[in-house]
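As structure tokens, the structure follows; a few thoughts come after it.
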Amino acid sequence: MEKNSKQIIKKIKEASYKVSYRIALAGEAHVIGESLIKPCLQDIVLCVLDESYSKQVESVSLSNNTVKKRINDIADDIELELISRLQACNAYALQLDESTDVAGLAILLVFVRYDFNKKKLKKICFYVKV
């Protein structure tokens, strides 16, 4: 039983990360997780499955602070992965460009091109608000 509850906790945490990732991709406010997504999920699960599953969905943490932390964790992981890939490759190319966002704030765009696992050239773009 303890192993089963650990698996459920792991799945709940994974679900929280996946929803946080989708919130980041959509560019939505972090509070949308708790104010809209979670109640909708609970309604769907309650209608389609049963109340016990709805209680598991209720335990998925999607608060503003949790979503922010999850997004930061994902960004940190991507940064570490990029650094390790660049260290492992023979050569890479950097391209820098300056742009502005909708609020008129300056943004530094960084494009990185590199070979990975002897496959096609990978291209990654990230930006830094200046």
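Source: prediction; values computed, not measured.
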### Task
For Leu62 and Val67, work out which heavy atoms get closest and say how close.
O-CG2, 3.6 Å

## Note on the structure
Closest non-hydrogen contact found for Ile12 with Ser59 is CD1-OG, 3.0 Å

## Note on the structure
d(Asn72 CG, Arg70 CZ) to nearest 0.5 Å is 11.5 Å

### Task
Output all residues satisfying side chain to side chain donor-acceptor pair (under 3.5 Å) with Gln56, sequence neighbours left out; order by chain, then residue number.
none

### Message
Check for me, please, whether Ile83 and Leu108 land in the same ILVMFWY cluster - side-chain distances under 4.5 Å, paths through other members count.
### Response
no

### Message
Are Ile78 and Leu86 linked, directly or through intermediate hydrophobic residues, by side-chain heavy-atom contacts shorter than 4.5 Å (ILVMFWY only)?
### Response
no

### Task
Hey, could you give me the CD/CG distance between Glu79 and Leu82, rounded to the nearest 0.5 Å?
8.0 Å

#### Entry: By side chain to side chain donor-acceptor pair (under 3.5 Å) - contacts of Ser35 (at least two apart)
none

#### Entry: Salt bridge present between Lys10 and Glu14 (N-O < 4.0 angstrom)
no

### Query
Does Ile9 share a hydrophobic cluster with Tyr17, counting links as ILVMFWY side-chain heavy atoms below 4.5 Å and allowing steps through other members?
no

### Heavy-atom check, side chain of Glu98 versus side chain of Leu109, under 4.5 Å
no

### Query
How far apart are the closest heavy atoms of Glu58 and Lys38, and which atoms are they?
O-NZ, 2.7 Å

### Task
Mind checking the OG1-CD1 spacing from Thr100 to Ile107? Nearest 0.5 Å is all I need.
7.0 Å

### Query
Honestly curious: do Leu41 and Leu46 fall in one hydrophobic cluster under the side-chain, below-4.5 Å linking rule?
no

### Pairwise distance NZ(Lys11) to CD(Gln7) - rounded to 0.5 angstrom
6.5 Å

### Message
Quick check on Tyr92: does its OH atom have over 12 non-hydrogen neighbours (other residues, nucleotides or ligands) under 6.0 Å away?
### Response
no

## Note on the structure
Rounded to the nearest 0.5 Å, the CD1 atom of Ile32 sits from the CG atom of Asn64 at a distance of 12.0 Å

### Task
Calculate, to the nearest 0.5 Å, the distance between atoms NZ and CD1 belonging to Lys18 and Ile23 respectively.
14.5 Å

### Message
Under a 3.5 Å distance rule, please check whether Lys68 uses its side chain to pair with a backbone N or O of His30 as donor and acceptor.
### Response
no

### Message
With a 4.5 Å cut-off on side-chain heavy atoms, are Val60 and Val19 touching?
### Response
no

### Message
Taking side chain to side chain donor-acceptor pair (under 3.5 Å) as the definition, give me every residue that meets it alongside Thr66, ordered by chain and number, with sequence neighbours left out.
### Response
Ser61, Ser63

### Task
Could you tell me whether the side chain of Tyr53 reaches within less than 4.5 Å of the side chain of Val48, counting heavy atoms only?
no

### Task
Would you kindly confirm whether Ile44 and Leu49 end up in one hydrophobic cluster when ILVMFWY residues are joined by side chain heavy atoms under 4.5 Å apart?
yes

